Amino acid sequence: MYDVVVIGAGIVGSNVAYNLGKYRLKVLVMEKESDVATKTSKANSGIIHSGYDNKPNTLKAKMNLIGTQLYPKLAKELNFPYQKIGSLVLAFTNEQVKQLTILLDQGIKNKVTDLSIIDKQKVLELEPNINTNVKKALYAPNTAIICPYEATLAFAENAVLNNVQFQFDDAVVTIIKEDDHFLINNKIKCRYIINAAGVYSDDIAKLVNDDRFQITPRKGEYLLFDRLDHLFNHVIFQTPTKMGKGILITPTVNGNTMIGPTAVDQTDKDDDAVTQLGIDMIKNSISNISNKIETDKIITSFSGLRAIFKDDFVIETSNKDNHFINLIGISSPGLASAPAIGEYVIDLLKENGLNLQPKANFMPYREKPIRITELSNDQYQKLIRSNPLYGKIVCRCEVVSEQEIINAINRPIRAITLDGIKRRTRAMMGRCQGGFCSTRIMELINKHANIPMIKIKKSGKDSMILYKQIKEDESHDQK
Amino acid sequence: MIKNNYQLVVIGGGPAGLAGAITAYENGLSNILIIERNEQLGGILQQCIHNGFGLHLFKEELTGPEYAARWIQQLNDKKITIMLNTTVIDINENKEMTIVNETGLTHICAERILLAMGCRERTRGAILTPGYRPAGIFTAGLAQKLVNIYGYLPGQEIVIVGSGDIGLIMARRLTLERAKVKLITEIMPYSSGLIRNIVQCQEDFMIPLRYNTTITKICGQDRVTGVMIANVDKDRKPIKETEEFISCDTVLFSVGLIPENELSQKIGISIDPITKGPIVDQNLETSVPGIYACGNVLHVHDLVDNVSSEAKRAAMSMINKTNKPILINVSFDKNIRYVVPQKLTNLNINELILSFRVKNVYRQAMISVKSNDMVIYSQKKHIMTPGEMIQIKLISKQLEMIKDDLFLSIEVNKNE
């Protein structure tokens, strides 16, 4: 019997898991995909918003403010990249300039400090590559960027170190209430359930007959550019519309430039396909902001679905069962709010009768994965002396060594798919998109995770890379 | 850190690097290093098990590995240092570099550098093909490596996007392995592949090749389930009404090659926006003195024999190099995509090879080279296609006629 089952291993579920790891509880995270952060949490802007954008007195405003304050300490303890680079909301028309003032006032109401409206000259000083017809900008120096999947992984890995269990490729399809506990999928018993299922959270709520929610998946498409050209220093927004913050330009923590997202409401929760319409929309909006962006530097495009439900987050116990907590409609600023939501869930569990005893041996840290590109020459030299495989480069575009791949395979949450390795090491994420190194990486998965070559997956259950062996040469297969 | 000095450092041990290093050694340079990031020399040749290599240089039809072996054997009696599994991680315009392998970091100073890093394949991501991102999407070269080196078939029913040479070769190869190649799509009205490859695919293997056709969506969540294809209009935009679904479990992309010039950019070498390779002079010397480029890192070739010859020329010219008293630009008309070299700094040479590609298919057209409005070379060609690199040779008698910038043009016969 588990005390708590968390459904969903995105940024929200992983933050809940991280917080539950602090207490003497038996906790399981159930995830229908093969890894953490495979959906919305891997395909978003990666921005820790400062909070001026939220309607005052909403849960969004409250959670955003707290989450933003929690991130710097969490990033230090859990060792994930966090860069406070600041943001600009650009105004090109007088109408847009007026909107900046509204945003500024809203920010002050939301207790966001350090906001200011800056003039053209200052904007161009901060961002020389922006079109010179810019009039003014709202400057928020506290806006930060993170890598959303690396952060999710950090929370999840810390949870594992604190004895939280994770179960992948296991979609929740039935929940039955039996006396004082739930029975999930006819096999897993637990006393409390946290519904952190993102775009599927309305479907999960329905499993306990709570049918008040209807999630609208809102597609957001992005274009990712090569690292070589460093064009922008801040997160750059256009003035917002009712569909959201609009298409923005942001550097990533890894030095790429990312542009997006679009915002198109749809009904299909599984449709995260990139569209020609979306690509064209992004390309067109780029030219409004800067004419220095060369679209032949695009490495790839991707898209994610935001879980939209009305205007605010829903963070509350179900009206059907107070041992079932719904986290619904966690769209933007969901990433920024996740740590606050994690803490809030603990309060809700306490209010609803869960006995929370802090663990004496709670481990607040997560070891930083070694990245050879972050080392000085001296540090790197020493590392190779201790383990020569750090000197064997597998991924040439992102400069990732063989030992870093092996480490990813052996971490607390193992990476045994190509996408899992990619998100943990950056291998295959560069300009060749794995053309040169993916076979090498498959060999390493084969060897170190004991998976036959033919069974190695890209990501999901049926995403096998290879069809069949044609040569009876076993030299590339350990099994 | 250990420091080493070399007369010549060759970056890349594929066909360009091998021919460059061997030629330089044979012509007097002694202290030579080849840096190769893979575990063996030969580069992409090792996965090209089809034949047709070496017709020009060895007058024989060799497979890729055989062609590579011809060069690798020549290393045996030469004191050329070879470092495998070794990557250049830092490099500057003073020809100093930091390399890494399992023994650690090493600092290297070179008197000359020959860039021979080859090229990479353009990906589905780079051409922004809409749709899902399931398993079953490969570049043609990756599929070639899976089949020929690793011995695995990537799928059963295959659609190939782009009719570049590797795509055509893989269409054949996969059919021989009993996969069904359902279609090759080509967005242009002509193929960028070699004529012999197109003929083999269409006539000998009966694989359908559809021109003016593009792929508008990749379908499938976990594994590819099919693609949407459509005809394109004259602006190469898909025509919605012509869209149709083709089921398949694998999509191969053969949509072009891009010279790998990230190191060149780190050095600060000027890059030609069309070739995506360094701008070079008749010596194949880049904008940074003492750094030369050859093979696919300079511009994408279709025949490896031409890569080897170009590498030999680069090696010879770095040995025979003279001062740079003049500067002549090489320009060209709208029918030509690019010309290498882009400039000349010395005309006191025996011969000059101009390599170029045309933008369209031209029949019975005239190649002409002018300087100061005087025609110094002209040649009629039966057919020229964008897929085939054309080379013309100017000899000293013609070189003497160069008075001003050089201008290449294709004079199209109006009646055609």
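Predicted model, so just to flag it, every value in this text is computed and none were measured. A, B, ... follow the sequence lines: proteins, then strands. Residue 1 opens every chain.
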>> Ignoring hydrogens, what is the shortest heavy-atom contact between R396(A) and R37(B)? Give both atom names and the distance.
In response: NH1-NH2, 2.8 Å
> Are side-chain heavy atoms of E260(B) and F436(A) found at a separation under 4.5 Å?
Replying inline: yes
>> What part of I258(B) gets within 4.5 angstrom of chain A, counting heavy atoms only: side chain, backbone, both, or neither?
In response: neither
> Which answer fits T373(A), side chain, backbone, both or neither, if we ask what part of it has an atom under 4.5 Å from a heavy atom of chain B?
Replying inline: neither
> For D271(A), is it the side chain, the backbone, both, or neither that has a heavy atom closer than 4.5 Å to a heavy atom of chain B?
Replying inline: both
>> With a 3.5 Å distance limit and no angle check, can you tell me whether R385(A) reaches the backbone of G104(B) through a side-chain donor-acceptor pair?
In response: no
> Any idea which of T250(B), T216(B), L153(B) has the most non-hydrogen atom pairs under 4.5 angstrom with chain A?
Replying inline: L153(B)
>> At a 4.5 Å cut-off on heavy atoms, which part of I279(A) comes close to chain B: side chain, backbone, both, or neither?
In response: side chain
>> Show the nearest heavy-atom pair for residues A135(B) and S463(A), with the distance to one decimal.
In response: CB-O, 3.3 Å
> Would you say the side chain of E402(A) lies within less than 4.5 Å of the side chain of N85(B), judging by non-hydrogen atoms?
Replying inline: no
> How long is the gap from CD on Q433(A) to CZ on F253(B), to the nearest 0.5 Å?
Replying inline: 11.5 Å
>> Looking at E262(B) and R431(A), is any side-chain nitrogen of the basic one under 4.0 Å from a carboxylate oxygen of the acidic one?
In response: yes
> In terms of heavy-atom proximity below 4.5 Å to chain B, should K461(A) be classed as side chain, backbone, both, or neither?
Replying inline: both
> Roughly how far, to the nearest 0.5 Å, is CG of D222(B) from CD of E33(A)?
Replying inline: 7.5 Å
> Checking V224(B) against chain A: side chain, backbone, both or neither under 4.5 Å from a heavy atom?
Replying inline: neither
> In terms of heavy-atom proximity below 4.5 Å to chain B, should L418(A) be classed as side chain, backbone, both, or neither?
Replying inline: neither
> Which atoms form the tightest heavy-atom contact between L389(A) and E102(B), and what is the distance?
Replying inline: CD2-OE1, 3.7 Å
> If you round to the nearest 0.5 Å, how far is CG of L105(B) from CD1 of I372(A)?
Replying inline: 9.0 Å
>> Checking K276(B) against D296(A) for the side-chain contact (heavy atoms from CB on, under 4.5 Å) test, could you report, in this order, the C-alpha distance in whole Å, the side-chain angles of both residues, the deciding distance, and whether it holds?
In response: CA-CA 11 Å; K276(B) 313 264 183 223; D296(A) 68 340; 3.0 Å; yes
> Can you tell me how far the CG atom of D419(A) sits from the CZ atom of R133(B), to the nearest 0.5 Å?
Replying inline: 7.5 Å
>> To the nearest 0.5 Å, what is the distance between OG1 on T98(B) and OH on Y380(A)?
In response: 11.0 Å
> What is the minimum heavy-atom distance between Q221(B) and D272(A), and which atoms define it?
Replying inline: OE1-OD1, 4.3 Å
>> So for T275(A), is it side chain, backbone, both, or neither that comes closer than 4.5 Å to the heavy atoms of chain B?
In response: backbone
>> Assess the residue pair F138(B) and I465(A) against the criterion (side-chain contact (heavy atoms from CB on, under 4.5 Å)); give the C-alpha distance rounded to whole Å, side-chain angles, the decisive distance to 0.1 Å, and a yes or no.
In response: CA-CA 10 Å; F138(B) 304 88; I465(A) 312 280; 3.8 Å; yes
> Distance from Q276(A) atom CD to T214(B) atom OG1, nearest 0.5 Å?
Replying inline: 8.5 Å
>> Is Q156(B) close to chain A through its backbone or its side chain, or both, or neither, when contacts mean heavy atoms under 4.5 Å?
In response: both
> Does any heavy atom of chain A fall under 4.5 Å from the side chain of T103(B), the backbone, both, or neither of them?
Replying inline: backbone
> Ion pair present between K237(B) and D280(A), side-chain N to carboxylate O less than 4.0 angstrom?
Replying inline: no
>> Testing the basics here: between C432(A) and R120(B), what is the closest heavy-atom pair and its distance to 0.1 Å?
In response: CB-CD, 4.0 Å
>> Which residues in residues 123-130 of chain B have any heavy atom closer than 4.5 Å to a heavy atom of chain A?
In response: T123(B), G125(B), A126(B), L128(B), P130(B)
>> Please give me the minimum heavy-atom distance between R440(A) and Y150(B), naming the atom from each residue.
In response: N-OH, 4.0 Å
>> Enumerate the side-chain hydrogen bond (donor to acceptor under 3.5 Å, both in side chains) contacts for residues 40-50 of chain B, please, sequence neighbours excluded, ordered by first and then second residue.
In response: Q47(B)-Q144(B)
